[in-house]
Every structure is written in C-alpha cells, then in structure tokens.
Amino acid sequence: MINVKQIPLLSDNYCYLLRDNETGAVAVIDPGDAKPVLNEAKRLGWQITDVILTHHHYDHVDGVAEIKAQTGATVTGPTKDTHRIEHLDKTVDGGDTLTFGSQTAKVFYVPGHTLGHIAYWFEKSGILFPGDSLFALGCGRLFEGTPEMMWQSLQQYLSLPKQTVVYCAHEYTLANAEFALTIDPTNKDLIQRVAEIRKLRSEGKPTVPSTLDEEFKTNPFLRPNDPQIREQLKMVSATDAEVFKEIRLRKDNF
Ligand code: ZN
Ligand code: FE
C-alpha cells in the first residue's frame, strides 16, 4: 500500500509525497520547492528517502538540491535529461522499472511537453504520475516535441486500467474545462464534470486527482477518435494524430 499526500506549491503546482507502508520509505515526486515539502514531511513524521522526477522544468526540480542536502534522499530522473537535471543519482527511461521501498513503478517515455519527459505508473496501487504530459481535461504544452510525438505518448495511457488514479502536476483544470467545452460541447459527461469542477474551485478545493475513466470520457486530448469531436472540428475523415494536432493548436490560441 502507498499513502499519497498532495502538496500545493508555487502558483499552481502539485507535488506528491508517497509513503510505502511496508518499509516506511517516502518518495517525493517533482518538488518544485523544498520548504513546503520538508514541512509537510516533518508534520507527518515521514522521512524522505527518494526524490523522483518527471522532467527538467524548474517548477518540478527547484526543490531537489535542498531536499537532498537535508535528507540524503536518492534522486531519480529521466535518462534523456541527464545533461540538464542536477543532483541525479539514478536515471530511468521508458520500459524501465523504478523502485522505492518495496514499491515498483513502470516508467513510460512520454515526450512532447519536453523531449526527456517520463511518467510513473504504480500498477499494484493503480496510480499514475504523468507530470506535465497529461492534465485533468488537458495535456502539456508542446515546448519541445511535436503534436505527433505527444499523441504517441498519450496513447500509452489509453491501455491502462480505467480506474487508475491520475495525480497530475498542475491545477489547470478550470481553464482546461472552459476549452474542452468548445471542442466537445454536447458531451454530457463533460458538462457534468465541468459543473463539479466549477463548484470545487469556487470552494478553493483541488480538482486533482482524477481517474483515467473520467479523462477517457471527457478529456478532448485523449478523444481525437470521437465522432462528435470530429464533427465539431469538421475533421470527420482525418487521422487521430491530425485531430489531436488541431485540438492542441486551438488550445494554444484559446
Ligand atoms: Zn513542465
Ligand atoms: Fe510544470
């Protein structure tokens, strides 16, 4: 069993503390800031043993140096980002297995947002940490990769169990929701989800995590094959990659 604690930091980031209950090992995923993480670990009485990274952006790594200095934690990150992430002790790439405590996660290579980006799937616990590849009702901006590349990356998630809980790295859901409605305006699941999201945000509550099932039903970036979306975009006979590219382009200009 893994206990997951969500820690909001910077303006809209989430990082996560994971405790392996069997061994007491504690991992932090994507600490963009050290203080809130160290404070929360202290409050919980958890000793951080591992730092796990999805990509090199500052809002995911800037807390690494201080956390490592204070805890001696082992830092693991993407093999392809070795040249631009400091303090790495170990690296993993798509197809590898990450271990911390008695836990194992499958590593997916999910380039697009950045070229080194990886994600972690803890199969036994049914939880996914996609970093900035997948958001609630959205996907990461394409800073380094192509839309084709990002669509390839996201397709790896389509085969995971739909009850998988998705802990994404930002609270972008409300803005994503407004956009999703322009792509998929008649989707009843989406309309209902947006109402729930508006309520949660008006109460100052997080909309993360979500489940893959919710994302499969409502996230336009995972649904380029949907007939209603294709009709809305007037792309009935386009490829999924072409539809995905159009949705991403529209979001960039939204
Ligand atoms: Zn990022
Ligand atoms: Fe980010």
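Atoms within each ligand, like the ligands themselves, are counted from 1 in listed order. Note that the structure is predicted; figures quoted are calculated from it, not measured.
- For the Fe ion (ligand 2), the set of nearby N, O or S atoms under 2.8 Å includes one belonging to Asp132.
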Could you please spell out the steps behind the side chain to side chain donor-acceptor pair (under 3.5 Å) verdict for Asn13 and Asp59?
-> CA-CA 7 Å; Asn13 277 78; Asp59 59 314; 2.9 Å; yes

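- Sorting the N, O or S atoms of His57 by how far they are from the Zn ion (ligand 1) puts ND1 first.
- In this structure, Arg193 pairs ionically with Glu215, as a charged nitrogen and a carboxylate oxygen lie closer than 4.0 Å.
- For the pair Lys80 and Tyr109, the cation-pi criterion (under 6.0 Å, within 45° of the ring axis) is fulfilled.
- When distances to the Zn ion (ligand 1) are checked against a cut-off of 2.8 Å, His117 contributes no N, O or S atom below that limit.
- Using modelled atom types, one finds a donor on one side chain and an acceptor on the other under 3.5 Å when comparing Arg19 with Asn21.
- With salt bridges taken as basic N to acidic carboxylate O contacts below 4.0 Å, one links Arg198 and Glu178.
- Closest to the Fe ion (ligand 2) among the N, O or S atoms of Asp59 is OD2.
- Summary: OD2 is the N/O/S atom of Asp132 found nearest to the Zn ion (ligand 1).
- The residues Lys68 and Asp89 are annotated as salt-bridged, a charged nitrogen and a carboxylate oxygen being separated by less than 4.0 angstrom.
- Inclusion of His60 in the first shell of the Fe ion (ligand 2) is supported: an N, O or S atom falls under 2.8 Å.
- The Zn ion (ligand 1) lies closest to atom NE2 when only the N/O/S atoms of His55 are considered.
- Within the coordination shell of the Fe ion (ligand 2), defined by N, O or S atoms under 2.8 Å, His57 is absent.
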